[in-house]
Amino acid sequence: MPELPEVETFRRSLLQGEKGSPSILGKLIRDAELLWNRTLAFPEPEEFLERVQGQYVTGVGRRGKNLLISLSRSTLIIHLRMSGELIVEEKTNPPGKHYRLILNFSDPYRLAFNNIRKFGRVWLTSNPDSIIGHLGLEPLAEDFSPETLYQLLHSRSRQLKYFLLDQRMIAGLGNIYTDETLYRARLHPARRSNTLSQEEAHSLWKSMREVLREAINNQGSSIDWMYQGGDYQKYLSVYNLEGKPCKRCQTPIKRIKIAQRSTYFCPKCQPLPE
DNA sequence: ACGAGCGCCTGTCGGC
DNA sequence: TGCCGACAGGCGCTCG
């Protein structure tokens with residue numbers, strides 16, 4: 001499911017709470033239940049269950065698509081992958097069918113990791129860099145400049161779709177927001193990264209940040225039955241819109257496969273130069 | 001260096 | 001109605 005805007009939305013609701021569920025900040029973890037062993041990437045289940053209990057939640061951060069829940073003595077890193085979501089609710093609720101990990105707090109609440117497709121992963125570590133150290137630039141960071149992006153684009157010769165999906169380059173974009181970004185920047189997804197001019201790189205930089213900010217302001221996108229949080233799907237320009245007229249020129253949106261992923265673009269607005 | 005193909009999983013949807 | 005393939009907000013691995 002989630003890309004940067006959806007993960008950021010989870011981060012904010014864990015931190016601030018929302019209707020019906022409180023913030024998890026300051027809560028004490030009494031114990032944990034692991035319901036699908038492979039959810040845990042590190043450490044081994046026994047050690048995890050023993051180490052996590054008795055720790056307080058001291059913060060909730062994000063790096064790319066990873067959630068970082070700071071505890072008193074270590075950090076809980078959660079990657080939701082395709083179908084994960086986090087739920088804060090009263091412990092008396094019947095547990096969901098796809099709950100994979102539950103943290104029970106010392107008060108009436110729990111944090112549940114719901115994960116239909118079982119791809120999501122959780123780490124408990126005192127050295128977050130060993131897990132997320134490979135990630136690239138944070139696209140909304142203050143110090144992420146158009147010039148930095150231009151240099152990075154020219155350090156490789158990748159198709160833009162591959163470039164933007166590669167978390168070692170820029171961390172946080174997935175299939176929806178790469179297509180939306182490229183549409184806004186009027187760049188073809190198969191365009192080679194090192195052929196962009198300064199102006200084109202600047203346009204890509206601006207488009208990426210606009211798209212992500214707008215999505216965050218709408219609590220992300222909910223495009224099917226999986227995630228029902230946000231509203232941004234109403235504003236998508238190309239993703240999942242094969243055959244629909246381009247908003248700018250009315251040309252039907254095309255769908256192709258790049259990186260084994262459906263890739264949507266306007267063949268007129270996003271031409272591929274020789 | 002680059003990218004194709006596949007595996008990991010459960011569920012939905014459309015075609016026949 | 002039932003079956004079957006295609007497809008889904010991700011990513012790590014192998015291979016050429």
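In what follows, chains are A, B, ... by sequence order, proteins preceding strands, each numbered from 1.
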State which of C:dG12, C:dC7, B:dC2 makes the closest approach to the side chain of A:R81.
C:dG12

Heavy-atom neighbours of A:K91 NZ exceed 12 at 6.0 Å:
yes

Does A:Q260 have a side-chain nitrogen or oxygen under 4.0 Å from the phosphate oxygens OP1 or OP2 of B:dG3?
no

Choosing from B:dC9, B:dC2, B:dG5, which nucleotide comes nearest the side chain of A:W36?
B:dC9

Tell me the interatomic distance from A:I132, atom CD1, to C:dG12, atom P, rounded to whole angstroms.
13 Å

Under-3.5 Å donor-acceptor pair between A:R117 side chain and C:dA8 base
yes

From C-beta outward on A:K97, which listed nucleotide comes closest to its side chain: B:dG11, C:dA8, B:dT10?
B:dG11

The nucleotide from C:dA8, B:dG11, B:dG3 with an atom nearest the side chain of A:H98 is B:dG11

Looking only at side-chain atoms of A:I116, point me to the closest of C:dC7, B:dC9, B:dG11.
B:dG11

At less than 4.0 Å, is any side-chain N or O atom of A:K118 found next to OP1 or OP2 of C:dC11? Yes or no.
no

Whole angstroms only, please: what is the CZ-P distance between A:R156 and B:dG3?
11 Å

Counting only heavy atoms not in A:Y56, do more than 12 sit closer than 6.0 Å to its OH atom?
no

When all nucleic acid strands are considered with a 4.0 Å heavy-atom cut-off, which category describes A:Q159: base, sugar-phosphate, or nothing?
sugar-phosphate

Taking only side-chain N and O atoms of A:K65, does any of them lie within less than 4.0 angstrom of OP1 or OP2 on C:dC11?
yes

If I take atom CG in residue A:N240 and atom P in nucleotide B:dG14, what distance separates them, rounded to the nearest angstrom?
12 Å

Give a yes or no answer on whether the side chain of A:E180 reaches the backbone of A:V238 with a donor-acceptor pair at less than 3.5 Å.
yes

Heavy-atom closest pair (A:K65 atom, A:H79 atom, distance to 0.1 Å) is CB-NE2, 3.9 Å

A:F119 has its side chain closest, among C:dG12, B:dC9, B:dC2, to B:dC9

Calculate the interatomic distance between A:D179 atom CG and C:dA8 atom P; express it in whole Å.
11 Å

A:S262 side chain near C:dA8 phosphate (N/O to OP1/OP2, under 4.0 Å)
yes

Distance between the P atoms of B:dC6 and C:dA6, in whole angstroms?
12 Å

Does CD in A:E46 sit with more than 12 non-hydrogen atoms of other residues, nucleotides or ligands closer than 6.0 Å?
no

So what's C:dC7 paired with, Watson-Crick or G-U wobble, going by both distances under 3.5 Å?
B:dG11

Knowing that exactly one of A:R248, A:R184, A:K247 qualifies, which makes a side chain to side chain contact (heavy atoms under 4.5 Å, CB included) with A:C269?
A:R248

Among B:dC9, C:dC11, B:dT10, the one nearest any side-chain atom of A:H79 is C:dC11

Please state how far atom NE2 in A:H134 lies from atom P in C:dC13, giving the value in whole angstrom units.
10 Å

Touch class at under 4.0 angstrom, heavy-atom based, for A:R121 against every strand present:
nothing

Give the rounded distance in Å between these two atoms: CZ of A:R38 and C1' of B:dT10.
14 Å

Can you tell me how far P in B:dG11 sits from the matching atom in C:dC11, rounded to whole Å?
22 Å

Figure out the CG/P separation between A:L152 and B:dA1, and round it to whole Å.
14 Å

In whole angstroms, how far is the P atom of C:dG12 from the CG atom of A:D166?
10 Å

